[in-house]
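Taking it in order: structure first as structure tokens, then the write-up.
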Number of protein chains: 2
Amino acid sequence: MDFQQQSKAAIRASGGRITSQRELLIDLLAAHNDEIDAETLHQLASQHDPNINLATVYRTLHTLEAAQVITSHYVSTDHERKVYRINTKQDVFHFTCRRCGRMTTFNSPLVGQIKAALAAELGAVELTLCMCAGGLCAQCQAETAETG
Amino acid sequence: MDFQQQSKAAIRASGGRITSQRELLIDLLAAHNDEIDAETLHQLASQHDPNINLATVYRTLHTLEAAQVITSHYVSTDHERKVYRINTKQDVFHFTCRRCGRMTTFNSPLVGQIKAALAAELGAVELTLCMCAGGLCAQCQAETAETG
DNA sequence: TTAACTGCAAAGCCTTTGCTCGTGA
DNA sequence: TCACGAGCAAAGGCTTTGCAGTTAA
């Protein structure tokens, strides 16, 4: 069962309806291989349905997240913006340079280990982790050294 | 040099002034051994200076963070609220239960390892990490099992 | 003296919510 | 049919900012 089918099944299973807006958003999420924030998704959706509302996008994202077919987290220590992605087993996080703002995706088996440690120590389940790193990237270090 | 002296020196070094408000906030931060959010710090400060404004608290926290004597990060996956703490070498993060909202502090050598991995792989420096975990705590699992 | 700082209030930013009309099942 | 969902606009919650008066150095 692919993402679209899975999403629709989950929505129906909880008594929800498949509206044209939801279907569009699900398709866009499926086609988008990376994380995406609500506003960008809304912009994409607007190209197909100019009347779709940002609130609808947020509500649909919540619905899908509750159905556990997508996950969300924040991407930088500064930017207060949530991104959403199709639920994968992989743990990904981001490094954002304080100076140039460039973002780098990062993933490490250590993240899984942290989850395991949390589960073991606290007995917690359904763990989601939000991780974002900030700092000075290599290039900005060099430029800072030059210009002072 | 203790935290207070260090903070004042850093403020002066950047052309800033030591106002009574800043001095009060620095003292409160020094006395507070844990993380604290802007509003709580403001409440504490109000007991000593009833006129101190929340905006001043935020501005002072930014100043101190820029001076690198304190650090900040979010404590829940919702990024609801930023907390500040005296700059220590220790990496701490938090687990928040999705159901009861209880927060548990957690710290693991793995966090340091992730920083090291980031530094090694990206060549980044001045790393700050925002880490927060969400999930279902042991107690809520039990209660959920009972009530359905 | 005078540039930096404060208090106040208002604005920003992302996200959520109340309301009413529309629509899927 | 009729409860769920959409669109719209306004509100919410934390944080930032413009302004004018205040104060450290």
Side-chain angles (χ1 to χ4, degrees), chain A residues 7-26 28 35-43 45-46 48-67 70 72-84 101 130 132, chain B residues 7-26 28 35-43 45-46 48-67 70-84 96 101 130 132:
Chain A
S7 301
K8 292 178 193 170
I11 288 173
R12 273 192 270 258
S14 61
R17 294 171 186 171
I18 310 302
T19 64
S20 64
Q21 292 89 341
R22 285 180 174 185
E23 191 155 30
L24 170 59
L25 293 169
I26 288 169
L28 289 171
E35 296 177 328
I36 190 168
D37 62 79
E39 203 176 315
T40 305
L41 181 58
H42 175 237
Q43 283 167 13
S46 299
H48 297 83
D49 174 358
N51 293 318
I52 197 168
N53 194 272
L54 184 55
T56 301
V57 173
Y58 275 110
R59 283 190 275 231
T60 301
L61 287 169
H62 291 171
T63 301
L64 294 174
E65 196 173 7
I70 65 172
S72 72
H73 67 112
Y74 291 85
V75 283
S76 97
T77 48
D78 297 333
H79 296 155
E80 266 279 34
R81 184 167 288 205
K82 220 172 186 171
V83 297
Y84 300 82
C130 162
C132 11
Chain B
S7 301
K8 292 178 192 170
I11 289 172
R12 273 192 269 259
S14 60
R17 292 171 186 173
I18 310 301
T19 64
S20 64
Q21 292 90 339
R22 285 179 172 185
E23 191 155 30
L24 170 60
L25 292 170
I26 289 169
L28 289 171
E35 296 177 327
I36 190 168
D37 62 79
E39 201 175 316
T40 307
L41 180 59
H42 176 237
Q43 282 167 13
S46 298
H48 297 84
D49 174 357
N51 294 318
I52 196 167
N53 194 273
L54 184 55
T56 301
V57 173
Y58 275 110
R59 283 191 276 231
T60 302
L61 288 169
H62 290 171
T63 302
L64 293 174
E65 196 174 6
I70 66 172
T71 55
S72 73
H73 68 110
Y74 290 85
V75 284
S76 91
T77 50
D78 292 340
H79 276 208
E80 277 165 351
R81 187 166 289 202
K82 219 173 186 172
V83 298
Y84 300 82
T96 308
C130 163
C132 12

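Labels below follow one simple rule: chain letters A, B, ... track the order of the sequence lines, proteins then strands, and each chain is numbered from 1. Just so you know, these numbers use all the heavy atoms, side chains as well, and skip hydrogens, waters and symmetry mates. Everything numeric in this text was worked out from a predicted model, so none of it was measured.
Here Arg22(A) lies in heavy-atom contact (under 4.0 Å) with sugar-phosphate atoms only.
Between the C1' atom of dT23(D) and the CD1 atom of Ile11(B) lies a distance of 15 Å, rounded to the nearest Å. In this structure, Arg17(B) places its CZ atom 9 Å from P of dA24(D), rounding to the nearest Å. Protein atom CG of Leu61(A) is 15 Å distant from nucleotide atom P of dC14(C), rounded to whole Å. Atom CD of Gln21(A) is separated from atom P of dG22(C) by 14 Å (rounded to the nearest Å). When rounded to the nearest whole Å, the span between CD1 of Ile18(B) and C1' of dC5(C) equals 12 Å. Rounding to whole angstrom units, NE2 of residue His42(A) and P of dT16(C) are separated by 15 Å. Between Leu54(B) atom CG and dT16(D) atom C1' there is a gap of 10 Å when expressed in whole angstrom units. As a whole-Å value, the separation of Arg12(B) CZ from dA24(D) P is 13 Å.
Although no hydrogens or angles enter the test, the distance criterion places no donor-acceptor pair under 3.5 Å between the side chain of Arg22(A) and the main chain of Thr60(A).
Considering only side-chain atoms of Tyr58(B), the nucleotide from dG7(D), dC14(D), dA25(D) that sits closest is dC14(D). The listed nucleotides are dA25(C), dG18(C), dT15(D); the one nearest the side chain of Arg59(A) is dG18(C).
With contacts defined as side-chain heavy-atom distances shorter than 4.5 Å, the pair Leu61(A)/Leu41(A) qualifies.
Between Ala45(B) and Leu24(B), the shortest heavy-atom contact is O-CD2, 3.6 Å. Residues Thr71(B) and Glu65(B) come closest through the heavy atom pair C-OE2, 4.2 Å.
Between dG24(C) and Thr19(A), no contact under 4.0 Å exists linking OP1 or OP2 to a side-chain N or O. Distances shown here put every side-chain N or O of Asn53(A) at or beyond 4.0 Å from the OP1 or OP2 atom of dA6(D). Close to dG7(C), at under 4.0 Å from its OP1 or OP2, lies no side-chain N or O of Asn51(B).
Side-chain N/O atoms of Thr56(A) and Gln21(A) include no donor and acceptor closer than 3.5 Å.
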